[in-house]
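Numbering starts at 1 and runs along the sequence shown.
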Amino acid sequence: MTTSFAPGLAFHQRFASPNSNSTEKMRIIPTAPPSVQEDEKPASAQPPACVIEQFTIGWICALQEEYQAACQMLDEELEPHDAETTIMNDESIYVFGKLGDHYVVVGCLPMGGTGIASATRVATDMARSFPNLKFALMVGIGGGAPNIAKKRDIRLGDVVVSVPQGQQAGVVQLDFGVRLPNGSFKRRGHLDAPPKALLGAIQEVQRRQQDRRKPDNLAEHIRRMENMLDYQRPPRDRLYKSSYNHQQATTDQTNDEDEFEDPCCNCLDEWLVRRRERNSFRQVTTHYGTIASDNVVMRDAKARDVHSSDENLNILCFEMEAAGLMNNLRCLVIRGICDYADSHKNDDWHNYAALVAAAYARELLLVLRKVHVTVMPSWVGEIRRS
């Protein structure tokens with residue numbers, strides 16, 4: 001897998017030196033070209049000092065492309081002066097930053113560590129290292145579950161947000177329930193709903209998105225990565241009928257450069273689902289409802305349709321980490337749709353899907369009022385009780 005980094009983007013770097021002490025002020029991580037030295041910046045450009053206790057929101061990613069997009073959404077990157085001593089026993093790497101009025105810490109699962117258990121470990125470490133965190137956003141990619149019969153027109157590049165619906169709290173853990181003889185799913189246990197303050201902010205985001213008089217803020221956030229070619233919107237969005245499996249390319253096609261640009265070059269267009277062209281005045285379409293979380297990647301169209309059609313579930317999206325957070329911690333899940341959870345699954349839309357999810361997360365935090373976050377209880381107490 002090839003990973004691209006934006007010119008000038010600096011990840012979490014330590015500033016400790018032999019002469020540093022506990023009163024050293026936070027410094028912005030430089031995003032200027034290497035020729036611009038830190039000591040050349042005017043003193044007025046230095047922000048006030050900050051400490052670990054000021055960070056109230058966690059942003060968790062599972063993949064490198066999600067981590068990259070998350071960091072691009074920060075207004076500035078920061079370095080708390082007590083980071084070295086406060087999180088010395090935490091093996092995770094974090095990026096600290098300011099987004100609007102909020103202090104946000106971005107964490108990523110270790111490479112190869114996707115899944116519910118890995119997400120649980122990272123969230124637990126984050127909560128213990130940052131005692132004043134109020135909630136987390138789980139932001140990244142997922143497999144969409146379009147359902148033509150139910151008029152759920154979910155497409156690649158859309159965003160799905162976990163919100164309570166019916167008997168579900170926003171996320172359902174598929175491997176923590178039972179499939180009944182009549183085909184319906186009965187869950188075991190309970191996953192908590194997102195904090196009410198976040199649900200209120202989501203309503204305001206919806207209102208702004210539906211108001212033609214308002215600017216397209218998500219499109220503006222997406223432009224923060226317009227200089228990164230790997231994160232541009234891919235040209236092809238194809239949904240195949242559930243009964244049609246992916247047709248593997250032949251050996252000759254594998255050696256053809258075009259095959260790498262079109263993983264479905266051997267799949268027949270006659271099996272495509274015919275969909276109307278969208279006439280949306282927004283660059284990103286957002287869906288709200290239930291997200292399914294499982295330790296196994298969903299790439300079976302028929303199984304996808306069973307979960308999507310289940311009246312007790314009404315699944316919009318599939319992913320692999322959220323249940324690891326929501327078992328114990330307050331969390332909202334935001335997923336950009338990168339495939340249709342079928343055998344035609346490929347990586348073409350990964351980067352753009354990660355970008356649109358991060359753009360939505362940024363918009364949500366810009367709408368969310370700081371006072372509503374301040375009054376929330378910190379989640380470190382919940383970790384200690386669990």
Side-chain angles (χ1 to χ4, degrees), residues 3-13 28-31 47 50 54-79 93-109 126 130 133-142 157-162 198 201-202 204-205 208-209 215-233 282-284 286 321 331-338 349-370 373:
T3 304
S4 299
F5 296 92
L9 178 65
F11 283 88
H12 182 203
Q13 301 174 5
I28 298 178
I29 296 178
T31 56
C50 78
Q54 289 179 261
F55 290 86
T56 57
I57 298 174
W59 182 321
I60 301 177
C61 311
L63 302 173
Q64 178 65 37
E65 55 265 36
E66 300 168 356
Y67 189 45
Q68 177 81 14
C71 295
Q72 290 290 117
M73 293 300 129
L74 298 173
D75 292 325
E76 58 181 346
E77 291 185 22
L78 311 172
E79 184 67 18
I93 299 298
Y94 301 107
V95 171
F96 308 96
K98 193 82 180 292
L99 201 166
D101 293 330
H102 307 292
Y103 286 86
V104 180
V105 54
V106 182
C108 187
L109 276 61
M126 181 180 281
F130 304 93
L133 287 186
K134 310 296 186 176
F135 64 86
L137 302 178
M138 185 78 206
V139 186
I141 61 176
D158 287 359
V159 170
V160 175
V161 182
S162 65
L198 279 178
I202 286 172
E204 177 60 15
V205 172
R208 297 184 186 187
Q209 284 186 307
D216 193 345
N217 290 338
L218 263 65
E220 179 182 344
H221 304 331
I222 288 171
R223 285 194 289 272
R224 296 172 73 89
M225 296 186 75
E226 63 183 356
N227 64 326
M228 301 181 70
L229 296 180
D230 288 348
Y231 284 80
Q232 303 313 302
R233 183 184 177 91
R282 300 298 189 195
Q283 182 171 336
V284 178
T286 308
E321 291 84 25
C331 177
L332 179 75
V333 185
I334 302 169
R335 294 295 182 187
I337 300 303
C338 65
W349 283 77
H350 272 209
N351 289 1
Y352 183 77
L355 171 57
V356 294
Y360 183 93
R362 173 177 168 82
E363 177 65 10
L364 180 66
L365 293 184
L366 289 175
V367 168
L368 180 64
R369 294 183 179 179
K370 183 177 181 180
V373 177

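In this structure, the separation between CD1 on Ile57 and CZ on Phe135 is 3.5 Å, given to the nearest 0.5 Å. Residue Arg224 holds its CZ atom at 11.5 Å from SG of Cys71, rounded to the nearest 0.5 Å. In this structure, CD on Glu226 lies 10.5 Å from CD on Glu220, to the nearest 0.5 angstrom. Within the model, atoms CE of Met228 and CD of Gln72 stand 5.5 Å from one another, a figure rounded to the nearest 0.5 Å. The distance from atom CD of Glu66 to atom CD1 of Ile334, rounded to the nearest 0.5 Å, is 11.5 Å. In this structure, CG in Leu74 is found 11.5 Å from NZ in Lys98, a value given to the nearest 0.5 Å.
Of all heavy-atom pairs between Met126 and Leu133, the closest is CG-CD1, 3.4 Å. Minimum interatomic distance between Ala70 and Cys61 (heavy atoms only, all atoms of both residues): CB-SG, 3.9 Å. Among all heavy-atom pairs drawn from Gly140 and Ala357, the shortest one is O-CB, 3.4 Å. In plain terms, the two heavy atoms of Ala353 and Ile141 that are nearest each other are CB-CG2, 3.7 Å. The two residues Tyr103 and Gln54 come nearest to each other via the heavy atoms CB-O, 3.3 Å.
Among residues two or more places apart in sequence or in another chain, the side-chain hydrogen bond (donor to acceptor under 3.5 Å, both in side chains) test is passed with Arg208 by Glu204. Scored by the side-chain hydrogen bond (donor to acceptor under 3.5 Å, both in side chains) test, Thr286 finds Gln209 as partners (sequence neighbours excluded). In this structure, the side-chain hydrogen bond (donor to acceptor under 3.5 Å, both in side chains) partners of Asp75, at least two apart in sequence or on a different chain, are Arg362. His350 pairs by the side-chain hydrogen bond (donor to acceptor under 3.5 Å, both in side chains) definition with Glu65, Asp347, not counting sequence neighbours. For Gln232, the side chain to side chain contact (heavy atoms under 4.5 Å, CB included) criterion is met by no residue, not counting sequence neighbours.
Tyr360 has its side chain out of reach of Val139: every pair of non-hydrogen atoms, C-beta onward, lies at least 4.5 Å apart. Counting heavy atoms from C-beta outward, Leu332 and Ile202 have side chains that approach closer than 4.5 Å. Using a 4.5 Å heavy-atom cutoff, the side chains of Leu198 and Leu137 are in contact.
Listed for the Gln283 side chain is no donor-acceptor partner under 3.5 Å among the backbone atoms of Leu218. Side-chain atoms of Asp158 never come within 3.5 Å of backbone atoms of Ile337 as a donor-acceptor pair (strictly under, hydrogens ignored).
Considering Leu366, Leu355, Val284, Val356 in turn, Leu366 is the only one that fulfils the side chain to side chain contact (heavy atoms under 4.5 Å, CB included) rule with His221.
For the salt bridge (Lys or Arg N to Asp or Glu O under 4.0 Å) condition, no pair includes a residue of residues 99-108, sequence neighbours left out.
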Next item on the list: Take Val95 and Trp59 through the side chain to side chain contact (heavy atoms under 4.5 Å, CB included) test and state the conclusion after the steps.
Entry: CA-CA 10 Å; Val95 171; Trp59 182 321; over 6 Å; no
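Ring planes of Trp349 and Tyr352: perpendicular class, angle over 60° (limits at 30 and 60°).
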